[in-house]
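Order of the sequence lines sets the chain letters (A, B, ...), proteins ahead of strands, with each chain counted from 1.
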Number of protein chains: 2
Amino acid sequence: MAVRLTDVANEAGVSLATASRVLNGSARKPAVEISDKVRAAAEKLGYFPNAQAQALARSTTKLIGLVVRDIADPYFSTIARGVQRSLGDSGVQLLLASTEYDPEREIEAVQAFMSQRTDAIILSGSRSLGENGQLLKLIENYQENGGQVMIIGQPMTDMGGIQIDNEATAEHLAAELISAGHRRFVVLAGEANLLTSRDRSNGFLEKLKRSGLDAEEVISGPFSREGAYVAMSDYLKRQKSAGGVHRVCVFCVSDVMALGAIRAIRENRLRIPEDIAVVGFDDIPTLIDITPTVSTARLPLEEIGKWAGEMALNHGELRKIVVSGVPVLRESTQLADGQ
Amino acid sequence: MAVRLTDVANEAGVSLATASRVLNGSARKPAVEISDKVRAAAEKLGYFPNAQAQALARSTTKLIGLVVRDIADPYFSTIARGVQRSLGDSGVQLLLASTEYDPEREIEAVQAFMSQRTDAIILSGSRSLGENGQLLKLIENYQENGGQVMIIGQPMTDMGGIQIDNEATAEHLAAELISAGHRRFVVLAGEANLLTSRDRSNGFLEKLKRSGLDAEEVISGPFSREGAYVAMSDYLKRQKSAGGVHRVCVFCVSDVMALGAIRAIRENRLRIPEDIAVVGFDDIPTLIDITPTVSTARLPLEEIGKWAGEMALNHGELRKIVVSGVPVLRESTQLADGQ
DNA sequence: ACTATCGTGGAAAGCGCATTCCCATTCTAT
DNA sequence: ATAGAATGGGAATGCGCTTTCCACGATAGT
């Protein structure tokens, strides 16, 4: 159906080999007049190389796969943008898969990428790999066949990636809040079996303990806006029926959760930060438009994506990066003087 | 390097053809005992079909391409999520390209997808195609070779897609605002050569005119948060130096622009909606967390993506869909009684 | 002037798989 | 019991391209 290289070669009156050499960067450069003829023929016929055939012949696909939990979540879409940008003019194409928070789909995604023979796979927002034998086995298989695996956010031993020091960052964040004057904390801890949320809440709690403080409550629930909304609503209801909401600082293990919590607080007609302070984690771009401005621990999300992409491109260079977040206190945790 | 079908066939002691038939849905089903043997061998060896080779042999790739302007923009990421969801278990993979608002990159993206022989291409946030000869020619070429093209938001004659009735929706929105009591309007019109922003501002202005009103000002600028921020800041500065800001309703041709405008308004210490009312377009999910809640025209973004994906899958079914937005007035355009 | 070397284009062999024939069985019908 | 039709497995071809490997003419070296 489409124009093949053979057609171009015929049109130009040269051999297939020659046509291939001029159109697709080969080490051997045919004479300039021949090259021009071939290029003219290609142009005239509207030739586009068949990437599948090239991949088969070259045994490299120039494809990388990115798996996220939800592409509409600002956390992931910001990372995705970073990955995209890192690709630049490299000619590498991005295959995207959304797992919708389902480990099963994550495995399917990796399998699909393996079938596509992607040169690299970037895994973001994965569950704890250690607990997922099947995924781990897949990945090992992939690596044995020369695939590059980049994990974002998980501390893995034998593969590259961007490690996020959630625990230390959370500690640091707690420290800042304490020195800003906060003493009573509630933690919306997300899912216990998600490494990310576990590290964040642990780090935070750890720091509290070392400062002689203790969280009033640690509430688990889905690692999502909705989960936080429900958890916070529950909490407020309980407080109210127990005599009233007293002032606390609510640490949410992600900004998206913080947004859910904020909504619950608003619906209860409480003010932020006067009645309840809120702090998140990640510093997603969305925060910029929230009032009051919300405190968080800033992670360079787009850079993280970019680094991951670059590492995927440079096949083997730059194996590991550890990033820490930096606490950013804004209005949502502001204490009026003297309180 | 990787395990090939041949290896599986040898391991199972059958021919290549047989192995192919059992592992990849063929019309001919080998005997059950043979099938089991083959499957066992595949399992044991960790076989994954080479999608490139399959694509070459079948001459269909099970790949679709999605091009967006910026994957981190909620408008596009919501559409992308819809597309993703529509794919479901079809086994079709998504190739993603971001143009970064650069027509050049859009062309490159389409070329790349053509090379990948994607079965379909979904174009969202494209510029006016009529004005872009090169892109149009590419697309025609693609279609002649059996490619499916889906345009989101552009009224194209000879290809499928989701058409958004921006003009009528904007008129409708204007009508609602007028009947809510608004009389003085400013329009942040985005880029004049972008069909989407042109239709939206034209529709809005048209309705004003038919109601005997006229916009105080129509300000063009980049179709982005930043552009709107600058435009709005400028406007406010001019107003202030001309004696003070009087009350208007600012229509922004997209929600993202509305967010930029809101920021500018806030920085000028003006209140929304008391001093200035703001209304956007799209109803991106992000709006849910903004205070005050912002008025807009709701577009079913995720559904749009889903429909586009479904149309891309059903190769030829369901050619065209026209969607209109529905006005949603919220706090940002609320008029106090008696004003 | 004659051989050794280099530079260049073409022929052909795969890359991993689907699929079309082809042939050997087994089954059905008479 | 036998011709004919099914049934099911295997050999071989081709998808579009890259990349050896060859052959041939031009150039350089002595």
Side-chain angles (χ1 to χ4, degrees), chain A residues 1-39 41-42 45-63 91 112 114-119 145-146, chain B residues 1-39 41-42 45-63 91 112 114-119 145-146:
Chain A
M1 192 99 228
V3 179
R4 294 157 306 160
L5 188 53
T6 308
D7 304 326
V8 176
N10 288 341
E11 174 78 21
V14 302
S15 79
L16 181 59
T18 303
S20 170
R21 288 197 263 256
V22 12
L23 292 179
N24 310 86
S26 161
R28 286 180 53 177
K29 295 286 171 199
V32 61
E33 63 222 39
I34 291 201
S35 297
D36 287 348
K37 250 192 329 191
V38 173
R39 261 187 287 268
L45 266 39
Y47 170 74
F48 282 91
N50 182 318
Q52 267 73 33
Q54 289 186 316
L56 198 54
R58 292 178 170 150
S59 69
T60 164
T61 56
K62 288 230 176 202
L63 239 38
M114 287 176 70
S115 262
Q116 293 291 342
R117 299 292 191 267
T118 54
D119 296 335
N145 294 326
Chain B
M1 192 100 226
V3 179
R4 293 157 307 161
L5 188 52
T6 308
D7 303 326
V8 175
N10 289 342
E11 173 78 22
V14 301
S15 78
L16 181 59
T18 303
S20 171
R21 288 196 264 255
V22 10
L23 292 180
N24 309 87
S26 162
R28 287 181 51 177
K29 296 285 170 200
V32 60
E33 63 225 36
I34 290 203
S35 298
D36 287 348
K37 250 194 326 192
V38 173
R39 262 187 285 269
L45 266 39
Y47 169 74
F48 284 91
N50 182 318
Q52 267 73 32
Q54 289 186 317
L56 199 55
R58 290 177 170 151
S59 68
T60 165
T61 56
K62 289 235 179 194
L63 238 38
M114 287 175 70
S115 262
Q116 293 290 343
R117 299 291 190 268
T118 54
D119 296 335
N145 293 327

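- DNA chain D lies under 4.0 Å from at least one heavy atom of each of the following residues of residues 9-17 of chain A: A:Leu16, A:Ala17.
- Of the residues in residues 45-57 of chain B, B:Leu56, B:Ala57 come within less than 4.0 Å of DNA chain D through at least one heavy atom, sorted by number.
- Distance CZ/A:Arg117 to OG/A:Ser115: 6.0 Å, rounded to 0.5 Å.
- Nucleotide C:dT8 holds its C1' atom 12 Å from the CD atom of A:Glu33, rounded to whole Å.
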For residues 11-19 of chain B, which side-chain donor-acceptor pairs fall under 3.5 Å, sequence neighbours excluded?
residue: B:Glu11; atom: OE2; partner: B:Lys44; partner atom: NZ; Å: 2.7
residue: B:Ser15; atom: OG; partner: B:Ala17; partner atom: N; Å: 3.3
residue: B:Ser15; atom: OG; partner: B:Thr18; partner atom: N; Å: 3.2
residue: B:Ser15; atom: OG; partner: B:Thr18; partner atom: OG1; Å: 3.2

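- Closest approach of B:Leu23 to B:Ala42, counting heavy atoms only: CD1-CB, 3.9 Å.
- Residue contacts shown for A:Ser59 are absent, as no nucleic acid heavy atom lies under 4.0 Å away.
- Pairing each heavy atom of A:Leu45 with each of A:Val3, the nearest pair is O-CG2, 3.2 Å.
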Give the table of side-chain donor-acceptor pairs shorter than 3.5 Å for residues 47-54 of chain B, with sequence neighbours excluded, one pair per line with atom names and distance.
residue: B:Asn50; atom: OD1; partner: B:Gln52; partner atom: N; Å: 2.8
residue: B:Asn50; atom: OD1; partner: B:Ala53; partner atom: N; Å: 3.0

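- Direction change of the helix axis from one end of the helix from C:dA1-D:dT30 to C:dT26-D:dA5 to the other is 40°, with five pairs defining each end axis (rounded to 10°).
- Here the P atom of nucleotide C:dT20 and the CZ atom of B:Arg58 are 13 Å apart, to the nearest Å.
- The side chain of B:Asn24 lies closest to C:dA18, out of C:dA18, D:dT18, C:dG9.
- In terms of the salt bridge (charged side-chain N to carboxylate O under 4.0 Å, His left out) criterion, residue partners of A:Arg4 (sequence neighbours excluded) are, by chain and number, A:Asp7.
- At the phosphate of D:dG16, neither OP1 nor OP2 sits under 4.0 Å from any side-chain N or O atom of A:Thr6.
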Inset, instruction - Check the pair B:Thr61, B:Gln116 against side chain to side chain contact (heavy atoms under 4.5 Å, CB included), reporting the backbone distance first and the verdict last. - result: CA-CA 8 Å; B:Thr61 56; B:Gln116 293 290 343; over 6 Å; no

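- Put simply, CG on B:Leu5 is 20 Å from P on D:dC15, counting in whole angstrom units.
- The heavy-atom pair separating B:Ala2 from A:Asn145 by the smallest distance is CA-OD1, 3.8 Å.
- Here the P atom of nucleotide C:dC6 and the NZ atom of A:Lys29 are 22 Å apart, to the nearest Å.
- Closest to the side chain of A:Arg21, out of C:dG10, C:dG16, D:dC17, is C:dG10.
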